[in-house]
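A, B, ... follow the sequence lines: proteins, then strands. Residue 1 opens every chain. These numbers were taken from a predicted model, which means no experiment stands behind them.
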Number of protein chains: 2
Amino acid sequence: MAGTKRLTQHDIAKLAGVSQATVSLVLNGAPTALARIPQETRERVQHVIRTTGYVADPIARRMAKGLNRILGVFTYEPAFPSAQADFFTPFLLGIEEEAQAQNYDLLLLTGAGVGRERKIFADGNRLRIADGCLVLGREFDREELKRLVTGDYPFVAIGRREDAGGPVPYVGGDYANATRALVEKAWALGHEKLAYVGPSGSAESVIDRWRGFAEAITAGAELVLHLDEVGGAADETLDAIVASGATAVFFVELADAVRVEAVARARGLSVPDDFSAIVLGSHVRAERSHMQFTAFDIPREEMGRQATAMLVRRIEGDAPVEQILLTCEPVEGQTLANKRT
Amino acid sequence: MAGTKRLTQHDIAKLAGVSQATVSLVLNGAPTALARIPQETRERVQHVIRTTGYVADPIARRMAKGLNRILGVFTYEPAFPSAQADFFTPFLLGIEEEAQAQNYDLLLLTGAGVGRERKIFADGNRLRIADGCLVLGREFDREELKRLVTGDYPFVAIGRREDAGGPVPYVGGDYANATRALVEKAWALGHEKLAYVGPSGSAESVIDRWRGFAEAITAGAELVLHLDEVGGAADETLDAIVASGATAVFFVELADAVRVEAVARARGLSVPDDFSAIVLGSHVRAERSHMQFTAFDIPREEMGRQATAMLVRRIEGDAPVEQILLTCEPVEGQTLANKRT
DNA sequence: ATTAGCTGCTAATACGCATTAGCAGTCAAG
DNA sequence: CTTGACTGCTAATGCGTATTAGCAGCTAAT
């Protein structure tokens with residue numbers, strides 16, 4: 001490994017019989033400056049560069065210029081490990097695509113620490129290696145977010161975020177309207193007694209769903225059951241649903257829907273004949289379940305792409321704070337019955 | 001975005017009433033040097049650092065020290081886009097895990113260029129930002145590989161690679177022996193006429209499988225059919241298999257096996273009753289196929305982990321070239337029949 | 001013949017940090 | 001009271017590049 005020293009512009013300069021500054025100018029001088037270097041000299045320098053295979057050290061470049069075409073990606077949970085893999089992958093897909101299109105590389109902020117919880121500002125703030133960063137995760141640390149907002153470091157959140165000492169630039173999914181649309185659809189199909197399985201607080205994504213649900217329900221339908229805690233025994237959840245007389249059940253988590261449906265089937269109940277089930281979101285590998293739930297689609301790749309584009313805008317153009325919510329199209333599915341027929 | 005200028009050690013120094021050098025020493029001076037700075041001064045500096053939230057610029061750090069705890073990950077194909085996603089993800093999973101354990105961040109080398117083929121040495125060699133890099137992909141550019149081997153930049157390939165101007169450090173899967181084991185198992189179960197569907201050349205991974213197969217077959221079995229081209233019409237492949245009288249067919253690609261089996265079933269033939277099918281490798285989402293093929297397992301995550309560990313060894317310790325082949329355990333499956341009973 | 005303007009370059013500096021040599025002061029031993 | 005060792009720091013330098021100011025030589029215009 002210890003071997004040939006890395007070539008520098010100085011070496012090239014000596015070989016070409018010019019100064020280091022000239023080499024730098026030949027490589028990437030402004031047109032006005034380049035105009036003052038005759039073709040002949042330029043070719044001499046280029047030739048040396050080509051034959052030696054010299055490439056500028058990006059670190060030094062960044063040192064001098066202040067930018068290095070790297071985007072940081074910070075995830076509050078490890079990006080790949082199995083459980084999460086399906087959650088982050090679609091985002092990363094879009095991010096990588098757009099980063100490539102914009103000619104940026106990606107720095108996955110990983111090291112934050114084994115076992116300990118991940119913090120953006122934890123260690124030597126390796127973040128600053130990147131020109132800006134994307135932040136993703138189900139729940140954000142509000143203190144850190146505040147610090148980001150107040151600071152002068154370009155970043156974009158994936159997923160809507162409440163103001164934190166100022167507006168947060170983000171690209172999110174419009175869960176509220178998507179949820180509302182599903183509620184209204186259920187109402188249109190004759191469902192008047194509704195149940196909601198999932199929390200209504202904490203993370204923005206959860207709040208938005210509940211808000212969309214709550215706003216739509218004032219239109220006439222009735223909320224006959226709201227189970228806040230998730231992941232509880234599917235048995236009990238089903239009991240509660242049956243007891244409530246709900247005809248349509250809205251699940252925040254696909255997993256809950258899957259378990260409840262399984263238990264229902266085991267008891268001889270049928271979805272959607274005995275009650276309809278609607279899932280508020282799409283989940284990768286949903287196809288594993290043999291049942292196609294009525295739901296809405298979260299355009300994760302597109303969110304990644306747009307967030308990346310927004311970040312680049314902020315880095316390069318000093319653009320103002322933007323907040324984008326992407327439409328989540330409904331997914332037909334087979335679990336929402338028509339009560340009117 | 002335009003806002004407070006980034007803090008530097010100089011600012012801290014002024015605030016604490018010391019020199020920049022002292023700040024640097026307090027932050028990360030060698031014990032011997034630290035011993036010469038009294039507790040009181042150290043605390044004063046630390047206090048300023050804490051209250052201002054200063055963090056050292058990693059770029060400048062790297063500039064001065066030469067290392068920055070970043071590992072590059074170069075993929076010859078885009079890492080996430082759907083088709084490839086399942087191929088790279090398991091590797092990345094292992095890589096991220098180990099990188100985190102070793103406290104390194106990951107730089108995904110992306111930007112190489114839209115549309116054009118990806119080259120390690122393409123652009124401004126952004127590679128050098130990282131302290132070393134992992135290279136993955138089905139097929140490598142041999143010229144580039146040679147340049148890497150000859151150069152003094154630490155790297156590790158994932159997957160076995162032939163010498164390229166010198167031995168290539170890698171962590172791969174032992175496909176040859178895994179293949180041999182499956183052939184011998186088939187032989188032990190009474191299969192004497194074998195078919196091989198898949199290429200025998202080009203990429204190392206393909207060569208190894210064929211080598212393992214060819215070596216095992218000398219033991220007595222007979223190769224009655226070798227279809228080199230893959231992805232051909234499954235119909236014709238099946239015709240050839242049937243005509244050859246082979247009792248066990250080895251597939252390099254799972255996809256081929258799946259298609260052939262489907263066509264066979266459509267014709268009223270059964271795997272493994274009419275002929276056995278063995279797949280030389282494991283594939284993510286293999287579970288999608290309802291048939292569990294007899295195969296061997298490729299420990300992709302472990303490969304990622306070990307490659308990362310090896311790379312860190314090379315970066316930090318100037319370790320010699322290592323070449324590791326991980327054992328690929330056989331997967332029982334239901335497609336290899338016993339002919340002896 | 002002076003000036004103005006152009007050409008073809010180079011010297012010098014900044015970027016933020018790590019590191020080394022060494023300075024000024026104190027204190028104890030000889 | 002000189003020497004040496006030790007303490008508590010700082011000045012200076014280098015890392016490899018980008019960038020700006022400007023120098024020397026020449027030509028053409030006044």
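In this structure, A/K14 places its NZ atom 16 Å from C1' of C/dT10, rounding to the nearest Å. Atom CG of B/D11 and atom P of C/dG16 are 9 Å apart (whole Å). Residue A/M63 contributes atom CE, which lies 12 Å from atom C1' of D/dA18 at whole-angstrom precision.
Under the rule for a salt bridge (charged side-chain N to carboxylate O under 4.0 Å, His left out), the partners of B/E316 that lie at least two apart in sequence or sit in another chain are B/R69. A/Q46 meets the side chain to side chain donor-acceptor pair (under 3.5 Å) test with no other residue; sequence neighbours excluded. For A/P38, the side chain to side chain contact (heavy atoms under 4.5 Å, CB included) test picks out A/T41, with sequence neighbours left out. Shown here are the ring pair (Phe, Tyr, Trp, His ring centres under 6.0 Å) partners of B/F91, two or more places apart in sequence or in another chain: B/F87. For A/E43, the side chain to side chain donor-acceptor pair (under 3.5 Å) criterion is met by A/Q39, not counting sequence neighbours. Applying the ring pair (Phe, Tyr, Trp, His ring centres under 6.0 Å) test to A/F140 and every residue at least two apart in sequence or in another chain returns A/Y76. Every side chain to side chain donor-acceptor pair (under 3.5 Å) that B/R313 has, sequence neighbours left out, goes to B/E322. In this view, A/E40 satisfies the side chain to side chain contact (heavy atoms under 4.5 Å, CB included) rule with no residue, not counting sequence neighbours.
The closest side-chain donor-acceptor pair between A/E96 and A/Q100, if any, does not fall under 3.5 angstrom.
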Under 3.5 Å, which N/O atoms of the protein pair with N/O atoms of nucleotides 17-21 of chain C?
from	atom 1	to	atom 2	distance (Å)
C/dC17	OP1	B/Y54	OH	2.4
C/dC17	OP1	B/D57	N	3.2
C/dC17	OP2	B/Q9	N	2.7
C/dA18	OP1	B/N28	ND2	2.6
C/dA18	OP1	B/R61	NE	3.4
C/dA18	OP2	B/Q9	NE2	2.9
C/dA18	OP2	B/S24	OG	2.8
C/dA18	N7	B/Q20	NE2	3.3
C/dA18	N6	B/Q20	OE1	3.3

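From one end of the helix from C/dA1-D/dT30 to C/dG30-D/dC1 to the other, with five pairs defining each end axis, the axis direction shifts by 80° (rounded to 10°).
Within residues 34-44 of chain A, the residues having any heavy atom closer than 4.0 Å to DNA chain C are, in order of number, A/R36, A/P38, A/T41.
Applying the side-chain hydrogen bond (donor to acceptor under 3.5 Å, both in side chains) definition to pairs two or more places apart or across chains, those involving residues 12-25 of chain B are B/Q9-B/Q20, B/S19-B/T22.
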